[in-house]
Amino acid sequence: GACCYTPVGAGVGGDTWTHDEVELWRSLDTPIKVQDYIDQMPMNQEVVDDVCLSALESVRQNHAHCLEGAMLGAYVLGLHGYGARLMDLRSCASDDDHVVTLFQVNGRWGCLSISNHSSLRY
């Protein structure tokens with residue numbers, strides 16, 4: 001069905017993951033697969049007010065800003081045993097903060113990100 005881009009809680013489904021969503025998370029078993037998934041999500045433009053949707057609502061509403069995408073990425077990576085962490089990149093007052101999901105593979109750090117700036121991508 002059509003998605004309602006609501007700024008807060010109305011949502012478009014129940015309050016748990018559907019069977020299809022759970023199967024999707026099972027298939028996203030590497031950081032690059034998770035990044036590819038969040039790359040296809042439109043940016044949450046927060047047209048009504050500042051919001052922070054849960055991972056569930058970001059998926060259901062099919063949009064996310066960096067914090068929402070970072071939480072979703074951390075959740076999915078956590079399902080596959082990655083010790084995902086969130087990192088808040090603080091900015092000056094004239095710019096926006098940015099949040100990324102950190103993870104390690106073979107002792108090397110990487111990150112996932114939803115960004116409106118192309119240089120902040122995995």
Side-chain angles (χ1 to χ4, degrees):
C3 184
C4 57
Y5 284 78
T6 58
V8 293
V12 295
D15 60 0
T16 61
W17 298 114
T18 66
H19 174 74
D20 289 344
E21 289 163 341
V22 170
E23 289 303 310
L24 174 62
W25 305 149
R26 286 186 179 139
S27 75
L28 300 179
D29 56 357
T30 65
I32 191 66
K33 289 179 183 178
V34 177
Q35 182 66 63
D36 287 345
Y37 176 79
I38 64 175
D39 275 347
Q40 59 81 33
M41 295 182 84
M43 179 64 73
N44 178 355
Q45 300 294 333
E46 299 182 308
V47 294
V48 175
D49 200 359
D50 287 342
V51 297
C52 185
L53 301 174
S54 67
L56 180 76
E57 278 301 311
S58 292
V59 170
R60 299 282 168 81
Q61 294 188 30
N62 190 36
H63 62 151
H65 54 55
C66 65
L67 176 56
E68 296 160 344
M71 291 189 301
L72 176 59
Y75 173 76
V76 176
L77 288 178
L79 293 174
H80 297 285
Y82 292 90
R85 297 168 174 86
L86 301 182
M87 182 171 70
D88 182 12
L89 303 168
R90 302 297 304 247
S91 68
C92 62
S94 63
D95 203 353
D96 294 325
D97 290 358
H98 188 60
V99 180
V100 298
T101 304
L102 299 174
F103 61 89
Q104 276 190 303
V105 175
N106 298 325
R108 296 177 187 251
W109 289 98
C111 73
L112 304 177
S113 174
I114 291 181
S115 179
N116 58 6
H117 191 282
S118 62
S119 68
L120 295 173
R121 299 273 176 165
Y122 172 68

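Computed from a predicted structure; not experimentally measured. All residue numbers in this chain count up from 1 along the given sequence.
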| task | Ignoring hydrogens and angles, tell me if any N or O in the side chain of R85 forms a donor-acceptor pair with the backbone of G83 under 3.5 Å. | result | yes

Separation between CG (D36) and OG1 (T30), nearest 0.5 Å, reads 8.0 Å

Item checked: Same apolar cluster: L79 and L24, side chain cutoff 4.5 Å -> yes

Does the side chain of M87 come within less than 4.5 Å of C111's, by heavy atoms? no

CG (L28) and CG (L72) are apart, to the nearest 0.5 Å, by 8.5 Å

- Message: Pair R60, E57 - check salt bridge (Lys or Arg N to Asp or Glu O under 4.0 Å), show working.
- Response: CA-CA 5 Å; R60 299 282 168 81; E57 278 301 311; 5.5 Å; no

Please determine whether residues V59 and L67 belong to a single hydrophobic cluster, defined as Ile, Leu, Val, Met, Phe, Trp and Tyr linked transitively by side-chain heavy-atom distances below 4.5 Å. no

Any chance you could lay out the side-chain contact (heavy atoms from CB on, under 4.5 Å) test for V105 and Y82, step after step, and finish with the verdict? CA-CA 8 Å; V105 175; Y82 292 90; 3.7 Å; yes

Co-membership, hydrophobic cluster, residues L86 and M41, 4.5 Å side-chain: no

So CD of Q40 and CD1 of I114: to nearest 0.5 Å the spacing works out to 8.5 Å

*asked:* Are L53 and H63 packed together at the side-chain level, in the sense that at least one heavy-atom pair is separated by less than 4.5 angstrom?
replied: yes

Exercise. Is it true that L56 and I38 fall in one hydrophobic cluster, defined by side-chain heavy atoms closer than 4.5 Å?
Worked result: yes

Correct closest heavy-atom pair for K33 and S27 would be CD-O, 3.5 Å

dist R26:CZ -> H80:NE2 (nearest 0.5 Å) comes out at 9.0 Å

- Within a strict 4.5 Å, meaning less than it, do heavy atoms of the W25 and E21 side chains meet? yes

Closest heavy-atom pair, A84 versus L77, reported as atoms and distance to 0.1 Å, is CB-CB, 4.1 Å

Taken to the nearest 0.5 Å, the spacing of M71 CE from S58 OG works out to 6.0 Å

One should read off an interatomic distance between Q35 CD and F103 CZ, to the nearest 0.5 angstrom, of 8.0 Å

Does one hydrophobic cluster hold both Y37 and M43, with members joined at side-chain heavy-atom distances below 4.5 Å?
yes

| said: Is there a side-chain contact (heavy atoms from CB on, under 4.5 Å) between V51 and E68? Walk through the geometry before answering. | reply: CA-CA 9 Å; V51 297; E68 296 160 344; 4.0 Å; yes

